[in-house]
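In what follows, a structure is listed as structure tokens, so that the remarks can point back to it.
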Amino acid sequence: MDIDPQKMARYVEELGKLGELPDGGMTRFQYDAAWAQAQDLVARWMREAGLRVRRDAVGNVFGRLPGADDSSTILTGSHIDTVPEGGKYDGALGVLAGLAALEALAARGERPRTSLEVVSLCEEESSRYQANFFGSRAMLGLVGPDEPATLKDADGVSMAEAMTAVGLDPSAVATAKRDDIAAFVELHIEQGKVLETAGTDVGVVEVITGLVWEEVVVTGRQDHAGGTPMDARLDAVQAAAEISTAITRHVAEADKAGRVTFGRWDVRPGWPSIVPGEVVFSMDLRHTVAEDLRARADEAHRIAATIAAGRGVEVTFERLKDETPTVMDARLREVLTQAAADRGATSMDLPSGAGHDSQLMGEHVPTAMLFVPSVEGRSHCKEEYTRPEDCVRGASVLATALHRLAF
């Protein structure tokens with residue numbers, strides 16, 4: 001299935017300008033101005049491709065190619081939002097590849113047996129709100145009616161207020177639920193360098209990692225930096241540093257599949273002449289085996305408690321996300337592997353160390369993921385890049401797989 005390389009490149013570049021930062025990279029958060037412009041642009045491109053376009057109550061944008069049986073849908077796509085100072089390929093490429101794939105299929109003039117649809121999901125990254133796959137959850141009927149009002153961003157703006165500002169009705173989130181999705185296939189950049197190192201064109205995901213996000217609070221005692229001897233301090237920073245280092249060592253030594261990251265730190269009161277009384281930091285813990293993920297989390301808590309007791313400080317954990325590993329559908333994986341072969345692309349099976357919408361979707365409908373290479377494995381940064389030929393090849397493999405599934 002041929003994809004227009006010039007149009008694909010234009011899609012990537014034009015969408016990548018919405019939310020672009022002066023020094024490179026992107027910040028495009030759920031329901032902000034750049035997000036709204038991006039969804040409008042994708043909707044316009046969907047209409048130009050001959051697809052039927054609609055938006056649901058949470059702002060997901062769909063482009064539909066109706067089938068002879070319009071009662072069920074094979075869905076593809078990904079998310080439109082980014083992490084802070086992220087790249088223009090994470091999520092967005094899956095939306096654009098899905099659009100290009102359906103555009104190519106529509107151009108053939110054949111009517112599919114089953115309806116096909118591409119979605120630009122409103123949220124995946126939890127960058128503005130701790131929304132946890134809000135777009136996917138809405139489609140699956142997993143969003144509570146009070147969530148938009150209770151979720152707030154760092155500035156205290158509720159999600160309900162943000163939705164209203166972009167023309168959405170927060171009281172209507174339940175109407176986004178769907179019961180017609182027969183399968184979900186998501187193209188995504190790898191966000192690692194397995195494919196690049198192996199010299200392989202595409203990856204077929206076997207399992208998506210489990211994920212635990214926690215907020216860790218270490219409480220010591222605030223004191224004067226000059227008047228308090230070293231052996232009399234209850235320094236929250238020193239305790240937090242020892243805790244994070246010890247947990248990192250444990251995860252690294254346990255096995256190669258585990259990951260732990262402490263990416264956000266807030267030292268209070270945060271003044272040079274004050275011994276810190278409190279530190280709040282994040283812990284991102286991942287593993288592809290559910291039992292091992294639980295074991296690492298339990299051990300992290302034990303390590304922290306032991307160090308805190310030894311230093312005379314307190315430590316608490318608040319769980320913000322808890323996602324189990326998700327195994328991809330075997331039949332859909334085989335379809336992707338065969339589609340790659342049909343297009344003359346080399347493929348390999350591999351796990352995903354990053355979480356994706358497919359993780360949640362895979363718990364409810366048959367789901368598969370197709371990875372394309374990330375240069376030097378870079379992602380969640382301004383250096384994130386996937387070569388144009390890899391973008392086109394991935395979209396071509398995706399289109400071939402969708403043709404096998406729907407025609």
Side-chain angles (χ1 to χ4, degrees), residues 1 3 8 12 74-79 87-98 100-101 124 183-211 256-259 286-289 323 325-362 366-381 383-405:
M1 207 70 58
I3 302 295
M8 188 79 201
V12 170
I74 296 169
L75 186 67
T76 189
S78 193
H79 60 95
K88 62 186 176 185
Y89 295 87
D90 179 3
L93 185 61
V95 175
L96 300 178
E124 187 255 16
F184 180 58
V185 183
E186 181 178 11
L187 181 143
H188 207 280
I189 60 172
E190 183 194 345
Q191 300 178 284
K193 58 188 303 182
V194 173
L195 292 175
E196 184 180 64
T197 301
T200 302
D201 295 328
V202 297
V204 178
V205 175
E206 300 171 295
V207 59
I208 300 175
T209 187
L211 169 68
K256 289 187 177 297
R259 309 279 191 275
R286 305 181 186 222
H287 206 288
T288 53
V289 179
E323 299 161 6
T326 303
V327 177
M328 298 290 93
D329 183 81
R331 184 181 76 88
L332 292 179
R333 285 174 51 205
E334 178 57 34
V335 169
L336 288 175
T337 300
Q338 187 57 55
D342 290 348
R343 301 306 302 171
T346 57
S347 66
M348 65 184 295
D349 296 334
L350 76 174
S352 172
H356 302 284
D357 287 288
S358 288
Q359 185 166 11
L360 179 63
M361 295 293 289
T367 299
M369 285 198 80
L370 182 71
F371 275 173
V372 293
S374 298
V375 172
E376 296 184 356
R378 302 299 302 278
S379 184
H380 282 192
C381 60
E383 293 82 10
E384 180 179 277
Y385 182 64
T386 293
R387 294 183 180 89
E389 58 267 30
D390 288 322
C391 295
V392 170
R393 184 185 296 110
S396 178
V397 172
L398 176 64
T400 302
L402 295 176
H403 186 270
R404 280 177 166 269
L405 291 169

Identify the heavy atoms of [X] and [Y] that sit nearest to each other, and give their distance.
X	Y	answer
L195	F371	CD1-O, 3.7 Å
G98	T76	CA-CG2, 3.9 Å
S347	T337	OG-CG2, 3.9 Å
E196	G377	OE1-N, 4.2 Å
V12	Y89	CG1-CE2, 3.7 Å
A368	M328	CA-SD, 3.8 Å

[X] side chain near [Y] side chain, heavy-atom distance below 4.5 Å:
X	Y	result
I3	R393	no
H79	V95	no
E190	L350	yes
L370	V185	no
I208	S358	yes
M369	H356	yes

[X] [atom1] to [Y] [atom2] distance, which is reported to the nearest 0.5 Å:
X	Y	atom1	atom2	value
E206	T326	CD	OG1	14.0 Å
K193	E376	NZ	CD	6.5 Å
T288	L211	OG1	CG	13.0 Å
T386	H188	OG1	NE2	10.0 Å
C391	M8	SG	CE	5.5 Å

Please lay out, stage by stage, how M348 and V194 fare under the test side chain to side chain contact (heavy atoms under 4.5 Å, CB included). CA-CA 10 Å; M348 65 184 295; V194 173; 3.8 Å; yes
Do E384 side-chain atoms and H380 backbone N/O form a donor-acceptor pair below 3.5 Å?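 Yes; at least one donor-acceptor contact below 3.5 Å.
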Can S379 and I189 be said to form a side chain to side chain contact (heavy atoms under 4.5 Å, CB included), step by step? CA-CA 9 Å; S379 184; I189 60 172; 3.8 Å; yes
Within a radius of less than 6.0 Å around CD of E389, do more than 12 heavy atoms belonging to other residues, nucleotides or ligands occur? yes
Evaluate side chain to side chain contact (heavy atoms under 4.5 Å, CB included) for L93 paired with L187, printing each intermediate quantity in order. CA-CA 7 Å; L93 185 61; L187 181 143; 4.0 Å; yes
Working note: L332 + L405, criterion side chain to side chain contact (heavy atoms under 4.5 Å, CB included); need CA distance, chi angles, decisive distance, verdict. CA-CA 9 Å; L332 292 179; L405 291 169; 3.7 Å; yes
We want to know whether [X] and [Y] form a side-chain donor-acceptor pair, criterion being a heavy-atom distance below 3.5 angstrom.
X	Y	value
R286	T209	no
D329	T367	no
S78	E186	yes

Would you mind checking if D342 and R404 are paired as a salt bridge, meaning a charged N to carboxylate O distance below 4.0 Å?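 Looking at D342 together with R404, the answer is yes, because their closest N to O distance falls below 4.0 Å.
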